Amino acid sequence: MDKRPPVVEMRGIVKTFPGVVANRNVDLRIYPGEVHALLGENGAGKTTLMNILYGLYPADSGQIWVRGQKVAVQNPNAAIGLGIGMVHQHFMLIPSFTVTENIVLGKEPVRSRAFVDMRAAAETVQELSQRYGLKVDPHARVESISVGMQQRVEILKALYRGAEVLILDEPTAVLTPQEVEELKDITDGLASQGKAVIFITHKLKEVKEMSSRITVIRRGEVVGQVSTHDVSAAQLANMMVGREVDLRVAKKEANPGATVLCLSNVEAFDDRGLPALRGLDLEIRRGEILGLAGVDGNGQTELVEVVSGLRRPTSGQIQLNGRDVTKLPVRGKTASGIGHIPEDRQRYGVVMDFSIAENSVLGAQHKKPFAAGISLRYDRIRQYARRLVQEYDVRTPGIDVPVSKLSGGNQQKVVVGRELDRDPDLLIAAQPTRGLDVGAIEFVHRRLVEHRDQGNAVLLVSFELDEVMALSDRIAVIYEGKIVAVVDPNETSEEELGLLMAGGHVEAGKGA
């Protein structure tokens with residue numbers, strides 16, 4: 001037990017929502033200079049607890065103490081005044097503003113009592129970034145920088161406002177492996193300077209690598225508080241879900257058949273009008289999972305959008321089961337047999353204000369049995385949604401709850417369930433386990449393998465290299481908009497794959 005006084009202590013926190021107890025008598029102590037992981041399943045109550053600490057939700061009962069004083073955290077401004085900052089899973093940045101403008105927004109330095117001193121602001125941002133090892137360009141526009149750099153901006157925004165306790169909500173969910181390593185260096189650096197870092201996560205590997213202590217929450221209750229060095233990943237998984245979890249992907253050897261998807265010399269621009277796909281060729285067969293590996297920004301997003309119909313290619317041909325589908329829109333591609341789990345679920349996967357039931361039939365709401373003429377058959381929709389919620393373990397008090405009220409992981413389960421249940425010939429699975437806990441990841445991996453074994457094709461796009469290596473029957477490496485290699489995961493190491501992803505070469509004989 002740490003004998004130092006905690007910087008933050010939460011005692012007996014209770015929070016309920018209609019039909020669900022999110023937090024049940026939760027106790028939590030956070031000490032200065034530590035990286036503390038808050039680990040649990042989707043919907044376990046992790047983010048709710050931190051939203052209470054940050055003043056976004058009021059607790060129904062319980063107490064919060066900061067530096068030995070009992071406090072009332074009524075809103076985020078009060079939390080910031082107490083030295084508590086929070087970086088949300090979905091960033092709160094204005095894309096058209098510069099890095100500096102986003103960081104100082106609402107607390108701008110002024111001169112002559114009337115004019116914002118942006119030069120002084122940029123100098124302050126530069127000094128902060130150097131002090132905490134968070135390299136950023138103060139003058140860059142947020143819309144032009146990587147996701148990892150945007151996260152740094154969010155962290156600097158909190159530090160600029162005097163945060164001594166920094167809450168990171170699922171901080172690695174949108175990062176590349178390289179950016180995860182950089183984040184570890186950042187959190188270690190903050191802890192070494194006496195800051196307390198709390199990060200909400202479900203990823204066992206990163207918990208083991210990044211934290212010093214772990215609090216595990218299951219269904220709203222604390223089930224354990226442990227030192228990271230004293231517990232294994234298997235033990236943590238058991239604590240999270242209350243049962244043993246197979247951390248390996250069990251699958252038999254693939255039996256590939258006829259070609260389902262064939263891309264020939266496909267080219268496309270990105271949102272800035274710059275070339276993103278440059279004469280790309282790719283083939284996926286029935287009965288196989290083809291993994292796409294690459295550093296973010298090398299054309300993965302544009303490739304997925306071109307195949308799914310969200311983006312028109314400028315040249316080349318896309319064939320599905322021998323039929324030219326190059327110019328078909330999203331509905332046409334879906335009707336032809338393409339399912340799509342999008343990497344940005346909130347933008348492309350769900351309608352946030354719609355209920356779970358309504359979201360469960362998106363894309364098929366105009367078809368039988370969900371429609372009769374121009375009328376929706378809500379009895380059939382609700383019946384279908386109830387089955388999906390049960391089968392995919394969506395944690396919700398009911399199917400009429402808006403999707404916006406679900407945790408990110410449960411939103412992902414709605415999308416994954418909907419797309420897999422349609423049994424498409426080709427399933428595009430872009431970051432399919434993003435935001436999911438270890439139990440749900442095990443379930444999704446098993447369902448993807450089952451989809452393959454039923455004779456369908458799966459295009460897996462993931463920044464989790466261990467996921468790509470474990471699930472894929474072949475791995476296509478994309479670099480600067482081209483497929484530069486197709487390799488057998490059984491004959492390739494992560495190091496060799498990383499070299500190819502960076503534009504390098506490996507010895508001959510690794511192809512598939």
Side-chain angles (χ1 to χ4, degrees), residues 16-24 38-49 89 170 173 200-204 216-221 223 233-234 236-250 339 341-342 345-346 349-350 352 354-362 381-423 427 429 431-451 462 464 467 471:
T16 60
F17 296 101
V20 63
V21 179
N23 295 137
R24 190 192 307 272
L38 205 57
L39 181 67
E41 292 182 277
N42 303 126
K46 311 180 299 292
T47 299
T48 298
L49 185 67
Q89 183 177 353
E170 299 285 0
I200 305 167
T201 188
H202 57 268
K203 295 185 177 181
L204 300 177
V216 183
I217 297 180
R218 185 168 74 235
R219 296 186 181 270
E221 297 184 87
V223 295
L236 288 172
N238 196 318
M239 292 170 69
M240 279 175 65
V241 301
R243 61 175 175 84
E244 288 191 12
V245 177
D246 190 350
L247 300 177
R248 301 164 301 170
V249 177
I341 301 169
R345 56 179 169 258
Q346 292 193 356
V350 296
M352 294 291 281
F354 281 15
S355 69
I356 294 172
E358 291 165 331
N359 273 285
S360 72
V361 298
L362 281 183
I381 291 172
R382 290 169 62 82
Q383 181 182 4
Y384 179 74
R386 277 191 288 268
R387 180 176 67 78
L388 278 191
V389 163
Q390 182 176 7
E391 186 172 339
Y392 287 84
D393 191 28
V394 180
R395 302 291 174 82
T396 175
I399 59 172
D400 296 317
V401 172
V403 162
S404 60
K405 300 298 183 183
L406 300 180
S407 68
N410 280 298
Q411 292 173 11
Q412 185 76 347
K413 289 180 184 179
V414 172
V415 177
V416 170
R418 181 186 69 211
E419 298 303 312
L420 272 170
D421 200 67
R422 292 174 185 170
D423 195 31
L427 177 67
Q431 318 301 336
T433 59
R434 175 178 286 172
L436 296 184
D437 59 65
V438 63
I441 288 171
E442 176 194 40
F443 179 78
V444 170
H445 283 174
R446 187 170 70 248
R447 293 301 296 263
L448 291 177
V449 171
E450 287 174 0
H451 194 68
S462 175
E464 307 284 349
E467 180 172 64
L471 275 177

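FYI, side chains are in, hydrogens and waters are out, and symmetry mates aren't considered; it's all heavy atoms of this structure. Throughout, residue positions are numbered sequentially from 1 according to the sequence presented. These numbers were taken from a predicted model, which means no experiment stands behind them.
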Kindly indicate, with the supporting measurements, whether the criterion side chain to side chain contact (heavy atoms under 4.5 Å, CB included) is fulfilled by Q412 and Q431. CA-CA 10 Å; Q412 185 76 347; Q431 318 301 336; 5.6 Å; no
For [X], side-chain contact (heavy atoms from CB on, under 4.5 Å) partners two or more places apart:
X	answer
P402	S404, K405
S355	A357, E358
D393	R395, K413
Q383	R380, R386

With sequence neighbours left out, what residues match D421 under side chain to side chain donor-acceptor pair (under 3.5 Å)?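 In terms of side chain to side chain donor-acceptor pair (under 3.5 Å), with neighbours along the sequence ignored, D421 is linked to Y384, R387.
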Can you list the residues that meet the side chain to side chain donor-acceptor pair (under 3.5 Å) rule with T201, with sequence neighbours excluded?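 Applying side chain to side chain donor-acceptor pair (under 3.5 Å) to T201 gives none.
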Taking only residues two or more places apart in sequence, or in another chain, which ones meet [X] in a salt bridge (Lys or Arg N to Asp or Glu O under 4.0 Å)?
X	value
R446	none
R218	none
E221	R24
D423	none

Going from [atom1] on [X] to [atom2] on [Y], what distance comes out if it is rounded to the nearest 0.5 angstrom?
X	Y	atom1	atom2	answer
E450	L420	CD	CG	9.0 Å
I356	N410	CD1	CG	8.0 Å
Q390	I399	CD	CD1	12.0 Å
I217	T48	CD1	OG1	9.0 Å
S462	L471	OG	CG	8.5 Å
M239	L39	CE	CG	8.0 Å

Examine distances only and state if a side-chain atom of K46 and a backbone atom of L38 form a donor-acceptor pair shorter than 3.5 Å.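 Such a contact is absent between K46 side chain and L38 backbone.
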Under 3.5 Å: donor-acceptor pair, side chain of N359, backbone of V415: no
Side chains of [X] and [Y]: closer than 4.5 Å at any heavy-atom pair?
X	Y	value
T396	L406	yes
Q411	M352	yes
E419	R422	yes

Minimum heavy-atom distance [X]-[Y], with the two atoms named:
X	Y	value
S360	A385	OG-CB, 3.6 Å
N23	G45	ND2-O, 3.0 Å
P432	I341	CA-CG2, 4.2 Å
G349	L362	O-CD1, 4.3 Å

Any residue meeting ring pair (Phe, Tyr, Trp, His ring centres under 6.0 Å) with F17, in chain and number order, not counting sequence neighbours: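 Counting only residues at least two positions away or on another chain, F17 forms a ring pair (Phe, Tyr, Trp, His ring centres under 6.0 Å) with Y57.
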Consider only side-chain N and O atoms of T433 and E464, and report whether a donor and an acceptor are under 3.5 Å apart. no
Kindly state each residue pair satisfying ring-ring contact (aromatic ring centres under 6.0 Å, His included) with at least one member in residues 386-411, sequence neighbours excluded.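 Found Y392-F443.
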